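Scroll down for the structure; my scribbles are underneath it.
Keep in mind it's a predicted model, so treat the numbers as computed, not measured. Any value given below was found using the heavy atoms of this structure, including those in side chains, with hydrogens, waters and symmetry copies removed.
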Amino acid sequence: MSKQEKTDLEKDDIQDVVKKLKVDPQKGLTSQEAQARLQKYGPNAITAKQEPMWLKFLKDFTGPIAYMIEAAAIISAIIGHWDDFFIIIVLLLFNACIEFWQSRKASNALAALKKGLAPTATVLRDGKFETIDASKLVPGDIVKIRLGQIVPADLRFVSGDYASIDQAALTGESLPVTKKVGDEAYSGSIVKKGEMTGVVIATGSNTFFGKTAKLVASAGGKSHAQEAMFKIGNFLIIVAVVLAVIMVAFRVYNDLVAHTFGINTALNILQFVLVLLVASIPVAMPTVFSITLALGALNLSKKKAIVSRLASIEEMAGVDILCSDKTGTLTKNQLTLGDTTLINAKDAQDVIKIGALASRKEDNDPIDNAVIKALKDQSVLADWTMEKFIPFDPVSKRIEAHLINKNTKEELWAIKGAPQVVAKLSSDPDVQKKVLDTTDALAKRGYRALGVAESKDQGKTWTILGVLSMFDPPRDDSKKTIDDCKREGISVKMITGDDTAIAIETAKKLGMGTNIYNATKVFPKNLDPDHVPADLEKLIAQADGFARVFPEHKYAIVKTLQKQGHIVAMTGDGVNDAPALKQADCGTAVAGATDAARSAAALILTSPGLSVIQTAITEARKIFARITSYTIYRVALTMNIMFLVVLSSILLNFQPLTAIMIVVMSLLDDLPIMTIAYDNTYVSKKPIRWQMKKILTTSSILGVFAVIQSMLLLFIGYMSVKNPGSISIFQVGNLSQLQTIMFLQLVAGGHLLLFVTRQTRWFFERPFPAPILFWAIVITQIFAACACYFGWFVPRISLWMICEIWIYNIAWMFILNIIRMIIEKVQK
């Protein structure tokens with residue numbers, strides 16, 4: 001069925017719909033015709049192309065850093081360095097398994113959506129009703145729905161009195177919607193009252209529900225953290241390739257001039273390329289990122305925010321626009337009585353009492369519950385016996401009750417309903433006008449109105465008592481949370497399925513902007529969410545919110561804001577929110593959300609309201625600051641190692657580090673750094689995001705000075721070896737010991753460099769390093785010193801030499817800190 005055909009079936013008169021679908025509402029389709037249509041239109045189910053898990057696992061081995069690690073492993077195998085090979089492979093698999101585990105851990109949003117579909121349907125086939133699998137429904141089928149059932153497909157009602165349908169999860173409306181003949185019901189909505197028969201106008205992915213599922217399947221994209229990793233990897237690859245080309249050209253030229261080029265030279269060059277590749281790979285960077293985020297996620301879980309996608313933590317730190325659902329998020333999702341306008345009653349409680357008598361508590365109707373709850377003296381209800389109750393229907397638009405007082409035997413007829421209907425019960429034009437004027441005034445403020453009247457003469461004459469106003473009040477913490485978000489540079493936009501007037505009134509109460517548009521009026525009817533017109537893009541950027549939104553509107557709003565360079569958080573609780581939640585940089589399912597919303601979201605709140613989000617954003621900014629300081633440290637250290645290896649080979653014809661030294665050194669540098677997830681850090685007062693130019697500039701400059709630091713020590717040590725006794729305070733016995741010296745200098749200097757990169761001020765100022773980070777580094781340094789002193793996997797050096805290296809590194813720590821502060825000042 002084409003989009004145009006479905007649109008026509010939604011708009012046409014019900015008789016024309018039945019005619020176009022070629023079905024008799026009294027007999028339904030024949031089994032043969034139903035089977036033919038099933039072949040034509042396909043099953044009434046959500047279908048999605050699932051990527052095989054093995055393919056997802058293989059994708060975790062792609063990307064610049066992964067390719068660098070794999071290249072190093074291949075070269076290690078070629079030249080027979082199996083110890084290097086196995087260490088590198090273990091790291092590669094570890095990184096890939098963490099990514100794969102996270103991918104499996106995140107729930108499948110489409111699977112959750114499928115749970116919302118009706119499993120069976122009561123359908124008229126061959127002239128009789130039967131129960132069939134809902135997936136076998138076809139356009140033209142006549143379907144009966146009743147209390148408690150899930151609507152199995154998109155329907156247009158052909159018969160029945162009325163049905164009250166809860167479609168809040170699909171459209172965001174806060175109350176069940178009353179349907180009559182000719183109205184449409186959406187697949188996945190729930191019948192709360194009544195019983196009706198409808199004709200199927202759309203099935204499967206053509207339904208309102210199915211279109212939402214399609215958007216969920218297409219939503220999402222690479223996280224900013226992934227992009228940052230790619231950029232860092234590309235930067236290091238470029239540097240490594242340039243250095244490798246220079247070094248290989250230098251070695252080949254020298255050997256050709258000396259006529260010594262041969263297989264041994266080629267193997268030596270290959271071995272050097274291996275050392276350079278291993279040196280250029282921040283082997284533990286993906287792991288440090290994942291573990292830092294995972295520990296941050298654990299901390300957030302203690303604050304009532306469950307993270308289902310680790311990358312969302314990093315995204316959260318940069319959020320500058322929060323698109324918030326209204327009902328249940330900004331508001332309590334509990335209808336409450338506001339001010340009562342008196343017409344003939346003398347007291348508001350008199351109006352509320354009659355409204356409560358025209359209610360049935362057992363129906364658990366939101367409006368009835370609000371009226372009954374507002375009655376101060378509940379005991380008066382026990383004085384009356386209900387003789388007759390006429391429930392609400394869309395034609396009469398009112399509820400009527402006949403009651404008798406148990407004590408006085410007084411008879412009473414009570415009515416509550418649409419104010420314009422109740423007003424007509426009065427013969428006084430002034431009363432009618434007052435009721436209608438009151439209703440209009442309440443509507444403009446976003447309040448629902450309910451007229452109340454009573455009769456004591458069997459309904460012959462009615463007294464209009466008053467008009468009740470109803471609204472969904474804001475949550476107690478919403479205004480404070482929104483104010484906190486504004487102070488922290490986050491703009492909050494209200495996105496709701498409710499009426500525009502209701503949205504504006506709520507916005508006023510919360511101190512939000514009131515420039516809120518009706519989405520059904522400003523968005524084109526055949527909206528392509530991926531291609532929003534330029535004028536609408538501008539409107540989305542300027543608006544404070546949108547009302548009457550559908551899933552495609554929410555998705556388009558989020559995607560448009562992302563295209564404009566914003567990092568967007570989106571909150572929601574229903575199926576209608578799922579596409580936007582998945583597309584958002586940080587989709588957040590609020591407390592009580594549907595399975596579909598929770599599965600599509602990256603963050604799941606376990607306590608109501610927005611305050612948890614604000615807490616999560618603050619925590620995310622701390623985590624982001626830790627990752628940024630680690631990134632600057634790791635890139636600077638990696639550049640130090642690469643340039644040290646190349647320059648020493650060119651200038652001194654000496655390899656200062658073996659491949660195994662580089663891998664072990666990387667592990668010693670990175671393993672304790674994983675505790676950076678607990679580090680104390682400055683919390684930014686505005687959104688922060690990846691500034692790769694600034695990060696790479698800072699790390700490159702620090703890396704250059706770190707190279708000077710290492711090369712200076714290398715030259716001193718080399719001169720000591722070549723000219724024994726020439727440097728009395730720093731005596732190195734042989735070149736193997738010099739390799740150990742450079743190994744220890746880089747391990748110790750690396751950790752001291754971290755203390756510099758974690759601050760933009762002096763390293764000894766607040767915030768101080770977290771105890772766990774400090775002691776992890778101390779223990780690692782003790783291990784490295786012991787390895788050098790006792791000769792574990794490296795040639796042995798003296799304790800005095802170890803002390804000299806530490807004194808040298810500490811002196812340089814102050815120099816690098818001054819350079820760091822100068823860089824920060826210039827970049828501001």
Side-chain angles (χ1 to χ4, degrees), residues 106-110 112-113 172 212-227 293 297 300 305-326 328-330 485 489-497 519 529-530 532 537 540-541 543 545-546 549-591 593-594 596-605 610 612-614 616-617 620-621 624 687-690:
S107 303
N108 190 315
L110 287 177
L113 279 169
T212 301
K214 270 187 180 178
L215 288 176
V216 169
S218 64
K222 271 184 188 171
S223 73
H224 293 85
Q226 288 175 312
E227 291 177 0
L293 292 172
L300 283 175
I306 307 299
V307 177
S308 66
R309 184 170 63 88
L310 284 184
S312 66
I313 298 175
E314 172 263 330
E315 307 286 5
M316 222 183 306
V319 165
D320 58 342
I321 291 182
L322 171 60
C323 294
S324 176
D325 185 31
K326 179 187 72 69
T329 305
L330 295 173
C485 286
I490 302 169
S491 171
V492 183
K493 293 179 185 284
M494 185 189 297
I495 313 292
T496 178
D530 295 312
V532 176
E537 285 186 350
I540 289 172
F546 291 89
V549 292
F550 288 122
E552 58 268 30
H553 299 149
K554 295 188 178 187
Y555 176 83
I557 290 166
V558 170
K559 196 155 191 178
T560 299
L561 292 170
Q562 289 173 323
K563 285 180 181 177
Q564 292 168 353
H566 298 286
I567 296 181
V568 183
M570 171 80 197
T571 70
D573 60 357
V575 173
N576 62 319
D577 299 310
L581 289 175
K582 189 179 177 188
Q583 178 60 36
D585 298 293
C586 182
T588 305
V590 298
T594 60
R598 286 198 300 271
S599 298
L603 188 70
I604 302 163
L605 306 185
L610 273 184
V612 185
I613 284 194
Q614 198 267 332
I617 288 173
R621 289 181 183 178
F624 189 89
I688 51 177
R689 58 176 71 188
W690 287 101

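The CD1 atom of Ile490 lies 10.5 Å from the CD1 atom of Ile321; values are rounded to the nearest 0.5 Å. The line from CG of Leu322 to OG1 of Thr329 is 9.5 Å long, rounded to the nearest 0.5 Å. Atom CE of Met494 is separated from atom SG of Cys323 by 12.0 Å, given to the nearest 0.5 angstrom. Note that CG of Asp320 and CD1 of Ile617 are 10.0 Å apart. Values are rounded to the nearest 0.5 Å. Residue Lys582 holds its NZ atom at 15.0 Å from CG of Asp577, rounded to the nearest 0.5 Å. The CD1 atom of Ile567 lies 4.0 Å from the CZ atom of Arg689; values are rounded to the nearest 0.5 Å.
Minimum interatomic distance between Phe546 and Ile557 (heavy atoms only, all atoms of both residues): CD1-CD1, 3.5 Å. Nearest heavy-atom pair, Ala589 versus Ala601, reported as atom, atom and distance to 0.1 Å: N-CB, 3.5 Å. For Val549 against Ala519, the heavy-atom pair with the smallest separation is CG1-CB, 3.6 Å. Pro687 and Gly318 get closest at one heavy-atom pair: CB-O, 3.6 Å. Of all heavy-atom pairs spanning Val568 and Ala584, the tightest one is O-CB, 3.6 Å. Pro551 and Pro579 make their closest contact through CB-CG, 4.4 Å (heavy atoms, listed as atom of the first residue, atom of the second, distance).
Partners of Gln564 according to the side-chain contact (heavy atoms from CB on, under 4.5 Å) rule, which considers only residues two or more places apart in sequence or in another chain, are Glu537, Ala541, Thr560, Leu561, His566. Applying the side-chain contact (heavy atoms from CB on, under 4.5 Å) test to Ala602 and every residue at least two apart in sequence or in another chain returns Arg309, Ser312. Ala620 pairs by the side-chain contact (heavy atoms from CB on, under 4.5 Å) definition with Ile313, Met316, Ala317, not counting sequence neighbours. Among residues two or more places apart in sequence or in another chain, the side chain to side chain donor-acceptor pair (under 3.5 Å) test is passed with Gln562 by Gln583, Asp585.
In this structure, the side chain of Lys559 does not engage the main chain of Val532 through any donor-acceptor pair within 3.5 Å. Side-chain N or O atoms of Thr571 include one that pairs as donor or acceptor with a backbone N or O of Asp325 at under 3.5 Å. The main-chain N or O of Ala543 is found under 3.5 Å from a side-chain atom of Lys493 such that the two form a donor-acceptor pair.
Among Val590, Leu330, Ile613, Thr496, the one residue that satisfies the side-chain contact (heavy atoms from CB on, under 4.5 Å) test with Ser324 is Leu330.
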